**Q** 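First the structure, then my questions, so here it is.
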Amino acid sequence: MQKEMILSKNSCLTTTLALSLLFLLSWARAESSAAGEKPDTSTTNSYAYPALGLSADRKVDVAWNRFYSHAGLADILARLHQAFPELTKLYSLGKSTEGRDLWCIEITARPAPEGRSAPGGNPDRKPGIYVDGNIHGNEVQAGEMVAYTAWYLCHQYDRLDRVKTLLDNYVFYLVPMVNPDGRDHWLATRDGAMSGRTGSTPTDNDRDGVADEDDCEDLNGDGVVTLMRIKDPQGRYKPHPDYPEYLMVRAKPDEPGEYTLLGWEGIDNDGDGRVNEDGRGGYDLNRNWAWDWQPQYIQYGAMDYPFSQPESRAVANFVLAHPNIAAGQCYHNNGGMILRGPGREGGEMKGPDNRLLEMIAERGEKILPYYRSMISWQDLYTTWGDEDSWLYGARGVLAYTCEMWTTSNLYKNGGETSDEQDAEFLKHVLLDDGVVPWKPYDHPTYGRIEIGGLKKEWGRVPPSFLLEEELHRCMAFALYHAGVMPRLRIAEVAVEPLGNRLFKIWVTIENSRPMPTRTGQDIEHHISPPDIVSIRGDDLKALSAGRVTDRFFKQVEAVESRPERVELEKIEGMDATRVQFVVQGSGPFTITVDSAKGGLLQKDGSLP
């Protein structure tokens with residue numbers, strides 16, 4: 001018993017000494033860190049794990065919570081092309097007015113080098129979606145959205161089956177900046193508040209014989225162009241009682257005001273008695289397209305004639321050179337809208353095309369909370385000569401204009417925010433980053449005024465921490481739209497012997513996606529050639545052919561000539577089209593389906 005007690009005491013002593021030693025070692029490490037020892041950062045990456053929606057392996061690191069200049073976005077595209085040469089091509093569609101490249105990154109699974117196998121095929125013969133952004137210089141998040149789409153597709157191709165399926169079957173033409181001159185001006189120039197929408201071609205807006213001579217400017221040198229106001233007993237505005245630094249409100253009809261609002265900072269540069277009346281540019285690249293175009297006196301900003309501007313002309317030439325483009329999206333800001341044509345009352349829009357656009361947009365409303373599916377002229381306003389109207393009207397492409405960002409996303413409550421809610425957000429979430437305090441200034445015309453108010457970014461672009469969400473959701477909508485494009489396959493080639501080396505060959509072509517190979521607009525205006533199903537073989541002669549009108553009773557609408565081919569008006573979405581050939585001969589043969597917007601397919605067979 002005594003021996004057991006001695007062993008127990010020794011065991012307790014040993015445990016106590018061990019714990020004391022551990023404590024001393026921990027204390028020593030803490031003292032060492034406090035004395036300046038730095039943690040080991042050699043394996044930092046091993047402690048970072050991706051959230052859902054992101055690849056852990058980033059070949060191209062990009063921070064998507066900020067905006068990049070034309071050179072910055074071009075660098076991102078160049079790095080993507082360098083990191084993913086098997087998926088991408090990078091080229092310029094042309095030059096802007098100031099000589100900046102209109103970069104396009106083309107993304108698809110490409111044919112492998114000789115001796116290797118890979119999915120794909122000729123990218124020019126895959127159905128394509130064209131996506132662009134930033135046709136208006138101040139609508140900058142559109143550029144990031146298109147670049148983000150490229151970045152996401154490249155990184156997720158080997159990771160997500162649905163992305164792989166998209167790139168194996170389709171080609172993406174992504175143009176982040178249609179108006180790089182306007183983008184760089186708005187981002188980098190303090191006087192971009194008023195004239196940031198336009199391109200940079202000098203325009204004489206006040207018709208005084210001089211162009212661009214009276215823009216807004218940073219009068220007080222604080223680095224931003226904000227608003228001017230002047231104390232005025234006859235003024236009809238006054239500071240908001242609860243948010244005087246953020247909001248000016250109109251006085252009630254029966255109460256006096258305190259201020260008159262004078263517009264953006266600026267002076268009368270040309271001495272004509274007006275301030276800021278002839279800023280940089282002064283036209284609208286999205287009114288310069290050759291569909292329902294109208295001159296300046298009807299449509300402001302249209303310029304002298306359709307495609308007068310190098311940017312719109314370069315994009316149009318590219319689309320015309322790529323008849324495989326079946327879908328299009330043009331990204332703008334703001335308002336949270338998925339807009340489809342027509343741009344004017346009575347404009348072109350075929351019923352089946354509208355129903356398909358409506359279906360796609362309904363999904364978009366779910367992908368993009370607080371966005372609304374709208375018809376441009378009916379639910380917003382009339383536009384003449386806009387890009388998505390040209391894509392549909394002139395090219396038969398099912399296209400949208402997507403207006404990115406809505407302040408409904410600030411509180412995620414589904415409704416429009418009030419001015420007071422906006423001020424609350426500025427005050428308590430952005431901590432006043434978005435507003436400039438009002439300060440006095442001696443103006444050469446107005447005298448003692450005050451300059452301040454909201455920064456130009458507020459309301460137009462998301463704050464940094466909401467930007468990446470906006471980019472991803474808009475990208476997801478673009479991918480959904482792409483996935484609706486035609487996906488054809490030759491499902492069956494059946495040979496029926498008739499005797500004496502005569503055969504009937506029954507061909508079934510399936511389209512497993514909702515979009516037909518040709519829209520109603522395309523068919524009516526003969527924009528694309530008909531889809532063609534043909535047969536050839538060395539020892540084969542086609543005697544008759546036609547489209548099967550009833551597969552159960554085997555009724556066929558025969559062609560009148562050239563029996564080796566059948567022209568189809570379209571291959572309908574979520575359906576199958578059947579063709580019959582009557583041939584004489586033997587040996588191997590090849591069936592070819594050639595569709596401008598549906599792709600090029602072939603399948604071999606053999607006659608006994």
Side-chain angles (χ1 to χ4, degrees), residues 69-71 73-74 92-103 132-140 142-143 175-219 224-225 263-290 293-317 332-333 383-387 390 444-445 456 460:
S69 66
H70 170 264
L73 282 182
S92 173
L93 306 189
K95 300 283 189 179
S96 69
T97 298
E98 294 180 0
R100 293 177 175 88
D101 281 296
L102 308 183
W103 290 112
D132 74 23
N134 221 162
I135 195 171
H136 294 138
N138 56 359
E139 299 178 355
V140 289
V175 181
M177 300 164 286
V178 177
N179 183 2
D181 299 347
R183 176 187 183 86
D184 275 9
H185 181 78
W186 194 80
L187 286 172
T189 309
R190 288 179 285 185
D191 63 350
M194 185 179 74
S195 57
R197 180 181 177 90
T198 179
S200 61
T201 299
T203 308
D204 182 13
N205 295 307
D206 59 353
R207 305 180 68 84
D208 64 356
V210 184
D212 299 1
E213 81 284 0
D214 197 356
D215 203 349
C216 52
E217 50 236 320
D218 180 15
L219 296 179
V224 292
V225 171
W264 295 106
E265 284 180 73
I267 61 174
D268 180 10
N269 290 286
D270 55 355
D272 64 354
R274 291 182 289 173
V275 174
N276 301 340
E277 85 288 349
D278 193 0
R280 172 183 172 277
Y283 57 93
D284 191 333
L285 277 173
N286 200 36
R287 304 295 183 267
N288 191 235
W289 298 76
W293 182 88
Q294 291 293 330
Q296 179 82 6
Y297 65 88
I298 293 176
Q299 175 60 71
Y300 174 78
M303 294 297 275
D304 296 333
Y305 54 89
F307 299 137
S308 63
Q309 301 310 111
E311 297 90 348
S312 56
R313 188 166 61 249
V315 170
N317 286 337
H332 294 236
N333 74 27
T383 56
W384 303 90
D386 58 275
E387 184 181 9
W390 179 81
T445 300
K456 66 182 180 181
R460 177 166 290 281

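Along the sequence shown, the residues carry numbers beginning at 1. Everything numeric in this text was worked out from a predicted model, so none of it was measured.
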**Q** Test side-chain contact (heavy atoms from CB on, under 4.5 Å) on Arg280 and Thr189 and set out the steps.
**A** CA-CA 11 Å; Arg280 172 183 172 277; Thr189 309; over 6 Å; no

**Q** What's the separation between atom CD in Glu98 and atom OG in Ser200, rounded to the nearest 0.5 Å?
**A**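 Between atom CD of Glu98 and atom OG of Ser200 there are 3.5 Å.
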
**Q** After noting the C-alpha distance and the side-chain angles of Glu213 and Asp206, does the key distance pass the side-chain contact (heavy atoms from CB on, under 4.5 Å) rule?
**A** CA-CA 10 Å; Glu213 81 284 0; Asp206 59 353; 2.9 Å; yes

**Q** Is the backbone of Gly301 close enough, under 3.5 Å, to the side chain of Gln296 for a donor and an acceptor to pair up by distance?
**A**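 A pair under 3.5 Å: yes.
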
**Q** Give me the ring orientation class for Trp390 and Phe307: parallel if the planes are under 30° apart, tilted from 30 to 60°, perpendicular past 60°.
**A**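 Aromatic pair Trp390/Phe307 classed perpendicular.
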
**Q** Quick one: closest heavy-atom pair of Thr97 and Pro310, and the distance?
**A**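 Result for this residue pair: OG1-CG, 3.7 Å.
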
**Q** Measure the spacing between CD of Gln294 and CH2 of Trp384 and express it to the nearest 0.5 Å.
**A**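 The CD atom of Gln294 sits 5.0 Å away from the CH2 atom of Trp384.
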
**Q** If the test is side-chain hydrogen bond (donor to acceptor under 3.5 Å, both in side chains), which one of Asp284, Asn286, Asn333 qualifies with His136?
**A**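 The residue from Asp284, Asn286, Asn333 that satisfies side-chain hydrogen bond (donor to acceptor under 3.5 Å, both in side chains) with His136 turns out to be Asp284.
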
**Q** So, applying side-chain hydrogen bond (donor to acceptor under 3.5 Å, both in side chains) with Tyr283, which one of Thr203, Thr198, Asn205, Thr201 is it?
**A**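 Of Thr203, Thr198, Asn205, Thr201, side-chain hydrogen bond (donor to acceptor under 3.5 Å, both in side chains) with Tyr283 is met by Thr201 alone.
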
**Q** Which pair of heavy atoms, one from Asp270 and one from Arg274, lies closest together, and at what distance?
**A**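 Scanning both residues completely, I find the closest heavy atoms to be OD1-O, 4.4 Å.
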
**Q** What do the steps show when you test Lys456 against Val224 for side-chain contact (heavy atoms from CB on, under 4.5 Å), and what is the final call?
**A** CA-CA 8 Å; Lys456 66 182 180 181; Val224 292; over 6 Å; no

**Q** So, does Asp204 use its side chain to make a donor-acceptor pair with the main chain of Gly209 at under 3.5 Å?
**A**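 Side chain of Asp204 to backbone of Gly209: a pair is present.
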
**Q** Output yes when a side-chain donor or acceptor of Asn276 lies under 3.5 Å from a complementary backbone atom of Trp264, and no otherwise.
**A**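 Yes; at least one donor-acceptor contact below 3.5 Å.
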
**Q** Is it true that a side-chain atom of Asp184 and a backbone atom of His70 form a donor plus acceptor pair closer than 3.5 Å?
**A**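 Side chain of Asp184 to backbone of His70, a donor-acceptor pair under 3.5 Å: yes, one is there.
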
**Q** Is it true that a side-chain atom of Tyr300 and a backbone atom of Gly282 form a donor plus acceptor pair closer than 3.5 Å?
**A**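 At least one qualifying donor-acceptor pair exists.
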
**Q** Starting from the C-alpha separation in whole Å, work towards a yes-or-no answer on side-chain contact (heavy atoms from CB on, under 4.5 Å) for Ile267 and Thr445.
**A** CA-CA 7 Å; Ile267 61 174; Thr445 300; 5.9 Å; no

**Q** Using modelled atom types only, decide if a donor and an acceptor are shared between the side chain of Asp101 and the backbone of Trp103 within a distance under 3.5 Å.
**A**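 The answer is no, because no donor-acceptor pair under 3.5 Å joins these two groups.
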
**Q** At their closest point, which heavy atom of Pro295 faces which heavy atom of Ala302, and how far apart are they?
**A**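 Taking every non-hydrogen atom into account, C-CB, 4.2 Å.
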
**Q** Strictly distance-based, threshold 3.5 Å: is any side-chain N or O of Asn134 a donor or acceptor partner for the main-chain N or O of Asn179?
**A**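 Side chain of Asn134 to backbone of Asn179: no pair is present.
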
**Q** Is there a donor-acceptor contact under 3.5 Å from the side chain of Arg460 to the main chain of Glu139?
**A**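 Between the backbone of Glu139 and the side chain of Arg460 there is no qualifying donor-acceptor contact (under 3.5 Å).
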
**Q** Give, for atom CZ of Arg100 and atom CZ of Arg183, the distance between the pair rounded to the nearest 0.5 Å.
**A**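 CZ of Arg183 is found 11.0 Å from CZ of Arg100.
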
**Q** Would you mind checking if Asp386 and Arg287 are paired as a salt bridge, meaning a charged N to carboxylate O distance below 4.0 Å?
**A**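 Salt bridge flag = no for Asp386 with Arg287.
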
**Q** Counting distance only, does the side-chain N/O of Asn288 pair as donor-acceptor with the main-chain N or O of Gln309 below 3.5 Å?
**A**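 Here the side-chain-to-backbone pair exists.
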
**Q** So, for Asp304 and Ser308, which heavy atoms are closest and what is the spacing to 0.1 Å?
**A**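 Scanning both residues, the minimum pair turns out to be N-OG, 4.2 Å.
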
**Q** Measure from the side-chain N and O atoms of Glu277 to the backbone N and O of Asp214, and report whether any donor-acceptor pair falls under 3.5 Å.
**A**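 No.
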
**Q** What are the two closest heavy atoms between Asp268 and Gly273, and how far apart are they?
**A**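 That closest heavy-atom pairing would be OD2-N, 2.8 Å.
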
